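This report refers to the structure that appears directly beneath it.
All values derive from a computational prediction rather than experimental measurement. In listed order, ligands and their atoms are each counted from 1.
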Amino acid sequence: MARTKIKDILASEKTDYPVTVKGWVRSFRNNQFIALNDGSCMGNIQVVIDLDTDAELVKNITTGASLSINGQVVASQGKGQKVEIKATDVELLGACDAEKYPLQLKNRPSLEYLREIAHLRFRTNTFGAVFRVRHSLAFAIHKFFNDKGFVYLHTPIVTASDAEGAGEMFRVTTLPFDNPPRDENGAINFKEDFFGRSTNLTVSGQLEAELGAMAFSEVYTFGPTFRAENSNTARHLAEFWMIEPEVAFNDIVDNMDLAEEFIQYLIKYVLDNNREDLDFLAQRLVDEEKQKPQNERSEMGLVEKLEFVLNNKFERITYTEAIDILLQSPAYKKKKFQYEVSWGIDMQSEHERYLVEKHFKKPVIVTNYPKDIKAFYMRQNDDGKTVAAMDILAPGIGEIVGGSQREERLEKLQQRMAEMHIPEEELYWYLDTRRFGTVPHAGFGLGFERMVLFVTGMTNIRDVIPFPRTPKNAEF
Ligand code: 4AD
Ligand code: MG
């Protein structure tokens, strides 16, 4: 018989029909009641087996073991579930060494501990919920752009350019590193490398996406991104996923409108489609908050927070206004900030979080940053000091989106590249977009894991990606 998903059995009130279910044992009580989970949803199905089931088989029904069960769906006699399965056949697919099984622990295992067993953490309720929500978000991203008529453009993972100019790249090479070929000056000769030049993993698909926007008008990328920044924080990964829409004819205001609509759409999608997982994550957060002192607990539950962000416009301020607010803040006056505040600084996470969590208490879009702290491609404002950048800051996260209107004027772009010592030869193909029918255009990048963090209420970015890569860690 074809396998029925546990989700479908639990979602229906129907009884008295035969099914086959397959999954992993979550618990086994009184040699009779199996809680079986197949990952299709949070809930387990209760399977009742005959008391005269083969003793050898019963011995192997332990937490973590995999089973295939034929039986009849019946109305449950017990509390806690509407329906259960009365088993007629139980087949052991894979036994599980109960003594060594790390999820056997009586106490709730810590998130840190679970990170070390990433191959098994999917089987916990928390990670089950997180990764089902992550899936939904990925699906909703494609749906949002598809419904709007954007073209999904696959930008390269191996590239020769450093889009952000931050020099945080992982090199891609097949040269022997103990004895690489040298040129006449003794430098490593990348002409002999696989691609005949020096290459790295991409830090952003934006520059290539801009080429697509110059033909399709509206494109987006959604792919892995790699940054060798040595930041061991709860919000940085060395390998993360980014969504980068790029739209011809959009200015900075259209860009902000699109980003806000996009984020609200994603939140609504998850509220509508992942309620069971969100309710579980919300309760997890309540339990976690109980460990904190009263004044550090958040005022809103997870679902309320998401509904609030869905139903309220984001605040929009300029960088200059943001700095003024920080300078006027009690936190600044009481010297609570670790980093200095003055016009020109690259705001630190503590500053961003003050703005969203303490001052505005909602997401904030900050525009018009000093040009010296932003990438070369951003459109220069008439003041000569700032660029048409926009960052979206989210409560509990800080920066979740970074974007800008692009510099579409060839000369201005060339002048900025020269100031920043970016050789034109390397980006001739990018500059060509400004030579052959340039148009005003804008785009942004949403850090996918930061969005998953925000929606799930998790606090460490390592807990929202299946296999985190961080400095000194690439296990699995
Ligand atoms: O602000 P960033 O660096 O912007 C860009 O890469 C632009 N090319 C985007 C564009 O305009 N098309 O990165 C965009 C977002 C950040 O706001 C953040 O959410 C996320 O990517 N991000 C990271 N997420 C996890 N780990 C890291 N190390 C990240 N670095 C950036
Ligand atoms: Mg940024």
Please list the nearest protein heavy atom to [atom] with its residue and the distance rounded to 0.1 Å.
atom	answer
atom 20 (C) of ligand 1	Gly447 CA, 3.6 Å
atom 19 (O) of ligand 1	Ile400 O, 2.8 Å
atom 26 (N) of ligand 1	Leu237 N, 3.0 Å

Quiz item: If you look at every heavy atom in Asn274 and Ser136, which pair is closest and at what distance?
Solution: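 Heavy-atom minimum between the residues: OD1-OG, 2.7 Å.
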
Quiz item: For atom 17 (O) of ligand 1, which candidate among Glu164, Glu239, Glu399 holds the nearest heavy atom?
Solution: Glu399

Self-check item: Heavy-atom nearest neighbour of atom 2 (P) of ligand 1 within options Glu449, Glu244, Gln206, Arg227
Solution: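 It is Arg227 whose heavy atom sits nearest to atom 2 (P) of ligand 1.
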
What do you reckon, does [X] put a non-hydrogen atom under 4.0 Å from ligand 1?
X	result
Ser404	no
Phe226	no
Glu229	yes
Arg235	yes
Arg406	yes

Quiz item: What's the atom name of the N, O or S in Glu399 nearest to the Mg ion (ligand 2)?
Solution: OE2

Quiz item: Do Glu407 and Arg416 meet the salt-bridge criterion of a basic N to acidic O distance under 4.0 Å?
Solution: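 Between Glu407 and Arg416 there is no salt bridge, as every charged N stays at least 4.0 Å from the carboxylate O atoms.
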
Under 4.0 Å, heavy atoms only, figure out whether ligand 1 is touched by the backbone of [X], its side chain, both or neither.
X	value
His236	both
Met242	side chain
Tyr377	side chain
Thr225	neither
Phe240	side chain

State whether a side-chain donor-acceptor pair under 3.5 Å links [X] with [Y].
X	Y	answer
Asn368	Thr318	no
Gln415	Glu411	no
Arg26	Asn125	yes

Practice problem: Would you give the length of the straight line joining atom OG1 of Thr225 to atom CH2 of Trp241, rounded to the nearest 0.5 angstrom? | Solution: 8.5 Å

Quiz item: Between the main-chain N or O of Arg469 and the side-chain N or O of Glu239, is there a donor-acceptor pair closer than 3.5 Å?
Solution: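 Not a single qualifying donor-acceptor pair exists.
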
Quiz item: Any donor-acceptor pair under 3.5 Å linking the side chain of Asp193 with the backbone of Thr174?
Solution: yes

Quiz item: Can you say whether the rings of Tyr430 and Phe376 are parallel (under 30°), tilted (30 to 60°) or perpendicular (over 60°)?
Solution: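 Correct class here is perpendicular.
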
Exercise. Decide ring pair (Phe, Tyr, Trp, His ring centres under 6.0 Å) for His119 and Phe467; before the verdict, give the C-alpha distance in whole Å, the side-chain angles of both, and the deciding distance to 0.1 Å.
Key: CA-CA 9 Å; His119 54 306; Phe467 301 100; 9.0 Å; no

